[in-house]
Amino acid sequence: MADWWPSPEGVRVGPDGGWSVGEFRIAHLPSLLFLKARLVFEDEVAFLVEGDRRLPVAIEGPAFEVTELRLDPAKGEARVVLDDGSEEVLGHDTLGTDPNTGRVECLVRGGHARAAFSRSAHQALLPHVEETRGRFYLRVGSRRLAIRAGA
């Protein structure tokens with residue numbers, strides 16, 4: 001955080017993934033990207049970190065959005081690009097659906113945060129989903145990643 005900007009109180013990520021400070025929703029995209037890029041987790045607690053300054057963040061919903069799904073069938077690898085510009089490999093048991101919205105989500109940041117799939121990422125996922133005995137999987141080459149229902 002800039003030296004001239006006092007640390008805000010009550011930073012949180014709501015159940016719908018919206019970021020807010022107190023009662024004010026953060027809608028300014030560059031501000032959201034700035035905050036998301038500085039979100040870290042230590043001992044199951046979320047913080048915004050800038051230099052040696054730490055600001056706690058209450059997280060109730062998906063803190064990130066998946067903007068792109070990248071599949072490499074030859075490697076059996078699935079990657080997601082997040083709205084902060086970072087990219088992560090999907091591991092086993094990282095995909096699921098939100099029990100309230102049905103949106104596809106994945107675990108990111110070492111399993112500490114959730115990222116909801118954007119419409120375009122969801123559309124890229126659908127052709128690669130298989131169903132076996134009522135369970136759904138993402139097929140990537142010879143590899144199958146389970147999609148947990150109501151994660």
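Sequence positions, counted from 1, serve as the residue numbers for this chain.
Here CD of Glu65 is found 11.0 Å from CZ of Arg119. Values are rounded to the nearest 0.5 Å. Atoms CG and CD, on Leu69 and Gln123 in that order, are 12.0 Å from each other to the nearest 0.5 Å.
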task: Could you walk me through whether Asp98 and Arg114 pass the salt bridge (Lys or Arg N to Asp or Glu O under 4.0 Å) test, one step at a time?
output: CA-CA 10 Å; Asp98 181 287; Arg114 294 168 26 215; 3.2 Å; yes
- request: Would you sort out whether Leu90 and Val108 count as a side-chain contact (heavy atoms from CB on, under 4.5 Å), showing the intermediate values?
  value: CA-CA 8 Å; Leu90 291 179; Val108 295; 5.7 Å; no
field: Worked verdict on Ile26 versus Phe34 for side-chain contact (heavy atoms from CB on, under 4.5 Å)
entry: CA-CA 11 Å; Ile26 302 170; Phe34 178 87; over 6 Å; no
query: So Glu88 and Val81, side-chain contact (heavy atoms from CB on, under 4.5 Å) or not? Walk me through it.
result: CA-CA 7 Å; Glu88 297 199 17; Val81 178; over 6 Å; no
field: Stepwise side-chain contact (heavy atoms from CB on, under 4.5 Å) test for Leu82 and Thr67
entry: CA-CA 6 Å; Leu82 303 179; Thr67 59; over 6 Å; no
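Not a single donor-acceptor pair under 3.5 Å links the side chain of Arg12 to the backbone N or O of Ala58. Put simply, the side chain of Arg139 gets close to the backbone of Ser142: a donor and an acceptor are under 3.5 Å apart.
No continuous path of ILVMFWY side-chain contacts below 4.5 Å connects Val57 to Leu33, so the two sit in separate hydrophobic clusters. The hydrophobic cluster containing Leu107 does not contain Leu39, counting ILVMFWY residues as joined when their side-chain heavy atoms lie under 4.5 angstrom apart, directly or transitively. Taken together through direct or relayed side-chain contacts under 4.5 Å among Ile, Leu, Val, Met, Phe, Trp and Tyr, Tyr137 and Leu125 form parts of separate hydrophobic clusters.
Side-chain contact check for Glu77 versus Val89: some heavy-atom pair is nearer than 4.5 Å.
If you look at Phe41 and His112, their ring centroids are closer than 6.0 Å.
Among all heavy-atom pairs drawn from Leu95 and Cys106, the shortest one is CD2-CB, 4.0 Å. The shortest heavy-atom contact between Ala78 and Leu145 is CB-CD1, 4.0 Å. When all heavy atoms of Val13 and Pro62 are compared, the pair lying nearest together is CG1-O, 3.6 Å. Between Trp19 and Ala63, the shortest heavy-atom contact is NE1-O, 3.2 Å. When every heavy atom of Glu131 is checked against every heavy atom of Arg133, the shortest pair comes out as OE2-N, 3.4 Å. When all heavy atoms of Leu48 and Leu35 are compared, the closest pair comes out as CD2-O, 3.2 Å.
Ion pairing between a basic and an acidic side chain is recognised when a charged N comes within 4.0 Å of a carboxylate O; Glu105 and Arg103 show no such pairing. With respect to the salt-bridge test (charged N to carboxylate O, under 4.0 angstrom), the residues Arg144 and Glu130 qualify. Using a 4.0 Å cut-off between charged side-chain N and carboxylate O, Asp84 and Arg109 make a salt bridge. Between Asp16 and Arg25 there is a salt bridge, since at least one side-chain N of the basic residue sits less than 4.0 Å from a carboxylate O of the acidic one.
Remark: Glu68 pairs with Arg70 by the salt bridge (charged side-chain N to carboxylate O under 4.0 Å, His left out) rule, at least two apart or across chains. The side chain to side chain donor-acceptor pair (under 3.5 Å) test applied to Ser20 returns no partner, not counting sequence neighbours.
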